[in-house]
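First listed ligand is number 1; within each ligand, the first listed atom is number 1. Below, each value reflects all heavy atoms present in this structure, side chains not excepted, and no hydrogens, waters or symmetry copies.
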Amino acid sequence: MTIKLKITLWFTVFMVLLSAVVFAFIALVTRSTAGHQARGALTGLVESNTHEIEYDDGELEIDDDFVSFKSGIYCFVLGDGGEIITGYAPDEALERVPLKEGAVHSVRAGGETYLVYDRRVQVKKNLQVWVRGAAPESGAAINTPALYRAVLIAVPLLILLAAGGGYLIAGRSLGPIRQIGKTAEEIRESGDLSKRIEMRGRGDELHRLAGTFNRMFDRLEANFEAQRHFTSDASHELRTPVTTILAQCEYALENVSEKEELYESIGAIQKQGYRMAHLIETLLSFTRLEQRTETYSFQTIDLSELVRSVCREQKKSGEKGIALAAEIEPGIKVKAEGTLIARMLENLIRNAYRYGREKGNIRVTLGKAGGEIRLSVADDGVGIADAEIPKIWSRFYRVERSRSAAKGAGLGLGLALVKQIVELHGGRIAVKSEPGWGSVFTVLFDNAG
Ligand code: ADP
C-alpha cells in the first residue's frame with residue numbers, strides 16, 4: 001500500500017469518525033429540542049382551547065374558535081364518561097385512554113406513539129368536561145427524519161470530497177519522494193551521476209530533502225570524477241616506464257651479446273623500475289594522506305632544527321651549481337608530524353633545484369610573523385605564469401614549458417602532496433611567482449608552540 005493511499009485512508013477514517021460524532025450530537029440536540037417544542041405546542045393548543053368552552057342558557061357551548069386540528073395536533077372534548085363531545089381522535093383507542101389532568105404522557109395506539117395531554121374544564125358546579133390533545137410523536141419530530149436524510153446524504157458526499165482532496169494533496173506533497181526514487185533508480189540503471197532530482201514547488205521539508213540529495217549527488221559526482229581522473233592518470237604514468245622496460249628487454253634479448261651492452265640495458269630497466277617504485281610510493285602516501293586512513297602522532301617538534309637538517313641534506317644532493325642559503329630563527333616549536341613536514345620541505349626544495357636557474361640561488365627562511373609561523377622557499381628560476389598557478393596543486397599537473405625546460409621533471413604529484421600535508425596540519429600555502437625571475441612558496445602555520 002502506498003503512503004499516499006495510507007494517508008488518504010487514515011484521513012477518511014478520521015473524517016468518518018468525526019462525522020459520526022457530529023451527527024450523533026446533532027441528532028441528540030434536535031431530538032430533545034423537537035420533543036420540547038412538540039410538548040409546548042400540544043399543551044399550548046389544549047390550554048387555549050379550554051377557554052373556548054362555556055356554559056350558556058343551561059347548555060354546554062363550544063365556541064367556533066375551538067381548534068380541533070392544527071399542525072399535526074388533534075384536540076377533542078370528552079365528557080366525564082369518556083364520550084366525544086366535539087372534535088375527533090386520530091385513533092379510537094385514544095378516546096379510551098384514562099383521563100389524567102395536566103401531564104403530558106405517551107400512549108401507543110394503532111402502531112403510533114402519541115403524546116397526550118388532558119385538561120379538565122369545570123363548566124358548572126357538577127358538570128365537568130375534558131379537553132384532550134393528542135399529537136403523534138413522529139409528527140412532533142416531523143423535521144428530524146428529513147434532517148437525518150439530508151445529513152446522511154451530505155456527510156458521505158463531504159467525506160468523498162475530503163478523501164478525494166486528501167488524495168490529491170497527499171499526491172502533491174509526496175511528489176518529491178517519487179522524484180527522489182525515480183532519479184536514484186535512473187542513476188542506478190545508467191550509472192550517470194550527473195542526473196539530479198527535478199525540484200518544483202515551494203521549499204517544504206521534502207523539497208529540502210530533495211535539495212540535500214542533489215547536493216549529495218554533486219559531491220559523489222565530484223569524488224567519482226576525481227577518482228576516475230586519478231586512476232586514469234596513474235595508469236597513464238605507469239604505462240610509460242612499463243613500455244620502456246619491455247622495449248629494453250626485447251632489444252636486449254634480440255640484439256645484445258656484449259656484457260657491457262647488457263649492463264647498459266639492465267641499467268636503463270633499473271632506472272624505470274625506480275621511477276615506478278617512486279610513483280607507487282608517492283601514490284600510496286598520497287592516498288593515505290587524502291583519505292586520512294593513517295593515524296598521525298602530532299608531537300611538539302623543533303621546527304628550526306628540522307628545517308636546518310633538511311636544508312643540509314638537500315644541499316648535499318644539490319645540482320646545477322645552485323647555492324642554498326638558510327635563514328632560520330632558532331627554537332621555533334610546532335605541533336606536527338615530523339616526517340611529513342620534512343617531506344613537504346624536501347619537495348619544495350627539490351622543485352626549487354629542478355626549476356631553478358644554473359648557478360642560481362635558493363633561500364629557505366623560517367620565522368614568526370603576526371602570530372604565525374612562516375616557512376618559505378624562494379628560487380630565482382623559471383617561475384610560473386599566473387594562469388598556471390591555480391593548477392599546479394592538482395595531482396599529475398605539470399606545466400608544459402617547465403617540463404621541457406627542466407631536466408628530469410617529476411610526476412606532478414609533489415605540490416599536491418605538499419598541499420595535503422599543509423592542510424593536515426591546519427596550515428595554508430601560497431605562491432608568488434614571476435616567469436623568468438623565480439618563485440616563492442610560503443607555508444603558514446598557527447603559532448602553537
Ligand atoms: P613536478 O613533479 O612536476 O615537479 P609538482 O607538483 O611538484 O610536480 O609541481 C607541479 C608543477 O609546478 C611543475 O610541473 C612545475 O611546472 C611547477 N613548479 C613547481 N615548483 C616550481 C618552482 N619552484 N618553480 C617553477 N615552477 C614550479
Side-chain angles (χ1 to χ4, degrees), residues 226 229-230 233-234 236-241 271-272 274-290 307 310-311 314-315 317-326 340-366 374-424 427-443:
H229 270 134
F230 186 67
D233 289 344
H236 191 78
E237 290 300 323
L238 282 168
R239 205 163 54 185
T240 322
K271 205 173 137 208
Q272 294 303 324
Y274 279 138
R275 191 178 157 84
M276 280 171 74
H278 174 60
L279 174 65
I280 291 167
E281 176 58 32
T282 317
L283 280 181
L284 270 178
S285 40
F286 194 85
T287 314
R288 270 190 233 119
L289 255 177
E290 198 180 41
V307 172
V310 172
C311 285
Q314 292 296 314
K315 220 186 245 178
S317 53
E319 48 198 74
K320 300 198 229 167
I322 295 174
L324 191 151
L340 288 179
I341 297 288
R343 189 150 190 198
M344 173 197 85
L345 187 58
E346 277 161 21
N347 272 319
L348 289 176
I349 298 178
R350 218 176 296 138
N351 274 352
Y353 272 115
R354 194 181 282 156
Y355 305 106
R357 181 162 53 84
E358 290 277 343
K359 299 209 166 44
N361 291 289
I362 298 176
R363 257 163 66 104
V364 177
T365 44
L366 173 69
R374 177 190 287 261
L375 169 64
S376 67
V377 179
D379 64 63
D380 50 5
V382 293
I384 311 163
D386 278 350
E388 303 283 352
I389 287 183
K391 303 183 203 159
I392 56 173
W393 313 103
S394 312
R395 291 178 287 205
F396 294 113
Y397 186 78
R398 277 162 289 190
V399 177
E400 276 306 316
R401 190 177 49 77
S402 65
R403 182 147 44 151
S404 48
K407 259 206 306 180
L411 301 164
L413 283 171
L415 286 181
L417 199 67
V418 165
K419 190 159 183 266
Q420 284 285 337
I421 296 174
V422 172
E423 279 170 5
L424 182 75
R428 289 176 289 133
I429 183 160
V431 59
K432 259 202 191 132
S433 189
E434 180 93 14
W437 287 95
S439 322
V440 188
F441 285 83
T442 309
V443 181

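- The shortest heavy-atom distance from Gly412 to ligand 1 is under 4.0 Å.
- For ligand 1, the atoms sitting less than 4.0 Å from at least one non-hydrogen atom of Gly414 are 5 (P), 6 (O), 7 (O), numbered in the order shown with element in parentheses.
- Of the polar atoms of Val399, at least one N or O is found under 3.5 Å from an N or O of ligand 1, judged by distance alone.
- Qualifying side-chain contact (heavy atoms from CB on, under 4.5 Å) partners for Thr287, counting only residues two or more places apart in sequence or in other chains: Phe230, Gln291.
- At least one N or O atom of Leu415 sits closer than 3.5 Å to an N or O atom of ligand 1.
- Of the possible donor and acceptor atoms, one in the side chain of Lys320 sits under 3.5 Å from a partner among the backbone N and O of Arg354.
- With ligand atoms numbered from 1 in the order given, ligand 1 contributes 25 (C), 26 (N), 27 (C) to contacts under 4.0 Å with heavy atoms of Ile384.
- Close approach to Arg354 involves these atoms of ligand 1, each under 4.0 Å from a residue heavy atom: 1 (P), 2 (O), 4 (O).
- Applying the 4.0 Å criterion to heavy atoms of Arg398 picks out, from ligand 1, the atoms 3 (O), 14 (O).
- Residue Ile392 holds the heavy atom nearest to atom 12 (O) of ligand 1 of all those in Leu417, Ile392, Asn347.
- Taking every heavy atom of both residues into account, Pro435 and Ala385 meet most closely at CG-CA, 3.7 Å.
- Here the options are Asp379, Ile362, Asn361, the test is side chain to side chain contact (heavy atoms under 4.5 Å, CB included), and the partner is Ile322; only Ile362 passes.
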What pairs of donor and acceptor atoms, side-chain ones from residues 427-434 against any protein atom, are under 3.5 angstrom apart with sequence neighbours left out?
{"unit_1": "Arg428", "atom_1": "NH2", "unit_2": "Glu372", "atom_2": "OE1", "d": "3.2"}
{"unit_1": "Arg428", "atom_1": "NH2", "unit_2": "Glu372", "atom_2": "OE2", "d": "2.5"}
{"unit_1": "Ser433", "atom_1": "OG", "unit_2": "Ile384", "atom_2": "N", "d": "2.7"}
{"unit_1": "Ser433", "atom_1": "OG", "unit_2": "Gly438", "atom_2": "O", "d": "3.2"}
{"unit_1": "Ser433", "atom_1": "OG", "unit_2": "Ser439", "atom_2": "OG", "d": "2.9"}

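- Look at Glu319 and Lys359 and you find no salt bridge, because none of the NZ, NE, NH1 or NH2 atoms lies under 4.0 Å from a carboxylate O.
- The option with the heavy atom closest to atom 1 (P) of ligand 1, from among Tyr355, Tyr397, Phe396, is Tyr355.
- Proximity of Phe441 to ligand 1 is established by a heavy-atom distance of less than 4.0 Å.
- Residues Tyr353 and Lys315 come closest through the heavy atom pair OH-CA, 3.6 Å.
- Looking at Asp379 against ligand 1, only its side chain comes within 4.0 Å, counting heavy atoms.
- Here the closest non-hydrogen pair linking Leu340 and Ile421 is O-CD1, 3.4 Å.
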